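Below, chain A is the first sequence line, B the second, and so on; all start at residue 1. Only a predicted model underlies this, so the values are computations on that prediction, with no experimental measurement involved.
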Amino acid sequence: MTLSWLTRIKKNYNQINSMKSTLFKWVMILTILPVSLMLYALKPGSEVVPDTDNGGLKLPAGFGALKVAETGARARHLVVTPQGDIYVKLAKPNKEGKGILVLHEAPNGKAELKSGFGTYGGTEVYLKNGYLYASSNTEVFRYKVNDKNEVINPDQPEKIITGLKAGRQHETKSFALDNDGNIYVNIGAWFNSCQEKDRGLHSPGIAGCPILDSMGGVWQFKTDKLNQTYGDGVRYATGLRNMVGMDWNQQNNQLFVMQHGRDNLNSSWPELYTTKQSAELPAECMYALKKGDNAGWPYMYYDQIQHKKILAPEYGGDGKKEADAKFLDPAVAYPGHMAPNGLLFYTGNQFPAKYKNGAFIAFHGSWNRAPEPQAGYFVVFQPFKNGKPDGAWEVFADGFSGSPEKTAAGRADHRPCGLAQGADGSLYVTDDSKGTIYRIIYLKK
Amino acid sequence: MAKYLLTLLFAFSCFQLMAQVKNRAKSKAKPVAGLAVSMANGKAIYINHCLTCHQADGGGVPNMNPPLIKTSYVTGDHTQLIKVVLNGFSENIDIDGESYSNVMPAHDFLKDREIADVLTYVRKSFGNKGGAITAAQVKAVRAKNIKKAAIKNI
């Protein structure tokens with residue numbers, strides 16, 4: 001109101017001036033950007049630099065690692081897009097109420113938080129055929145992405161699966177997708193071994209373990225149908241206690257899962273198992289699944305020392321009696337309680353040839369080996385040939401815990417959980433304890 | 001080799017722990033012989049029935065089994081604490097701001113004396129400085145205890 005003509009004109013003039021300077025800035029940026037990108041492209045090799053201490057990791061010769069980001073949240077599984085965005089699924093929404101974080105990588109490999117969405121906690125996130133899929137502990141959602149793999153409507157996902165059962169334990173819904181429009185969802189059993197009193201002393205197994213009708217297996221649904229629930233899906237495989245790491249093997253077109261084996265052999269059955277046996281047994285099993293398979297939980301477990309399927313003590317076993325031969329044999333049996341939380345078939349070209357089409361497994365680390373030393377907290381490589389495990393597994397990345405003493409005590413600084421492959425063939429690992437995101441690269445060419 | 005070293009290391013730390021407990025037991029033997037016996041028995045019960053979940057250092061397992069270090073349950077009212085052991089525990093409530101997904105089974109098969117001893121051990125170990133629990137207290141709580149139908153897994 002009090003503005004005189006003169007000041008008004010001056011203001012307009014200033015505005016025009018500042019507009020001009022922004023325009024100038026943009027012209028500059030737009031010319032400098034392609035030039036610098038061209039220079040980058042001309043530079044030999046990658047400009048991603050490993051941390052001087054490789055992020056604290058111990059790796060095979062020729063490999064390096066960096067800490068991509070510190071999310072400070074319980075980072076479970078992740079996806080990395082060719083455009084350098086990283087989607088991280090959190091076990092619980094963070095302080096801002098976001099359950100999925102979006103980070104963006106700078107050319108040096110370090111990433112900054114870009115945004116967040118999804119109001120639910122959970123474990124799984126997966127990118128395929130123009131959709132980002134993510135799960136809560138009872139539902140699976142999908143989000144359409146644009147040609148830069150950015151979620152278009154972060155607040156309006158399509159709910160494709162709903163009403164899945166979730167207990168206090170084994171509640172997370174990991175999943176994997178095949179190439180024919182199907183999604184395979186883990187529905188973990190809310191028991192240790194289907195006992196009348198869960199984890200109780202001498203508590204027998206419930207006859208027929210009725211919960212297997214709706215949990216303790218893998219259910220198959222369609223990726224593009226809305227609001228599917230039990231009636232719309234197929235119980236694809238049963239007798240599986242709980243899986244967190246799952247992946248689709250592209251070589252033989254088959255679902256592979258990592259089962260979390262049962263606990264408490266000694267504390268429930270002290271007369272049958274010593275604390276040492278209870279620490280080693282049962283095996284953490286990798287299974288190659290076909291429709292209709294039954295892996296035998298809770299009636300049996302796999303003993304990797306006797307190389308036998310053993311009848312569970314809750315169902316009349318004594319540590320020696322063998323289980324019904326009809327149950328599925330594991331593809332590979334790993335030492336007990338190490339908690340395999342991530343499974344990834346490596347299809348990249350960055351790593352040496354022996355890694356191609358093999359499996360990386362993130363072992364979250366044990367707790368049920370006490371009073372024996374705890375184990376795990378590392379990423380393992382399992383060689384494969386033509387879609388089948390071939391040869392002995394080896395520890396690929398170690399040192400997440402901070403020290404051998406911290407591993408033995410189960411007091412790890414970082415706990416590996418999720419795995420992802422970058423477009424350039426880098427291997428990414430999440431830590432759901434402190435929320436560190438690691439990237440492992442091969443340096444020798 | 002690494003495994004061997006680890007086992008050695010672990011054995012050594014166990015030995016140290018045992019020695020410490022022994023020393024403590026010795027130093028307190030004269031004035032409170034009863035307490036020393038309770039602590040020794042309580043430790044044995046802890047190893048057999050609690051350590052698998054709550055761990056040797058009482059620190060628990062993140063997100064799974066709660067710690068027994070200065071929690072409101074361990075330091076608080078003895079009736080509530082005794083009930084946790086008698087009935088087991090699987091409530092969808094936070095324990096001092098954190099939630100834990102595992103299920104604690106009932107330990108009502110332990111005798112009054114055994115529950116008193118293990119809770120005395122817990123309340124005086126892992127940095128806790130609580131008072132002892134007596135068999136009489138356990139007996140009284142057990143008499144009035146209404147058993148829950150079943151553990152909740154949901």
* A:Asn264, part contacting chain B, at a heavy-atom distance under 4.5 Å -> side chain
* If you take all heavy atoms of A:Arg168 and B:Glu91, which pair is closest and at what distance? -> NH1-O, 3.0 Å
* Asked: Is any side-chain heavy atom of A:Arg199 less than 4.5 Å from a side-chain heavy atom of B:Met104?
  -> no
* Spell out, as yes or no, whether a donor-acceptor pair under 3.5 Å connects the side chain of B:Gln55 to the backbone of A:Ala370. => no
* Structure fact -> Hits for disulfide bond (SG atoms under 2.5 Å apart) against A:Cys417, two or more places apart or cross-chain, chain-then-number order -> none
* Within 6.0 Å of NZ in A:Lys165, more than 12 heavy atoms from elsewhere -> yes
Donor-acceptor pairs are to be reported for all side-chain atoms of residues 62-71 of chain B against protein atoms at under 3.5 Å, with residues two or more places apart or in another chain.
from    : atom 1 : to       : atom 2 : distance (Å)
B:Asn63 : OD1    : A:Arg74  : NH1    : 3.4
B:Asn65 : OD1    : B:Asn102 : ND2    : 2.9
B:Asn65 : ND2    : B:Cys53  : O      : 3.2
B:Thr71 : OG1    : B:Val74  : N      : 3.1

* Asked: Can A:Arg411 and B:Asp57 be said to form a side chain to side chain contact (heavy atoms under 4.5 Å, CB included), step by step?
  -> CA-CA 10 Å; A:Arg411 298 281 166 243; B:Asp57 60 2; 2.8 Å; yes
* To do: Taking all heavy atoms of A:Asp198 and all of B:Pro105, pick out the closest pair and write down the distance.
  => O-CB, 3.5 Å
* Do the side-chain N and O atoms of A:Asn368 and B:Thr52 include a donor-acceptor pair separated by under 3.5 angstrom? -> yes
* Asked: Among B:Asn48, B:Ile47, B:Val61, which residue forms the greatest number of heavy-atom pairs with chain A at distances under 4.5 Å?
  -> B:Val61
* Structure fact -> If one checks every heavy atom of A:Lys92 against chain B at 4.5 Å, the contacting part turns out to be side chain
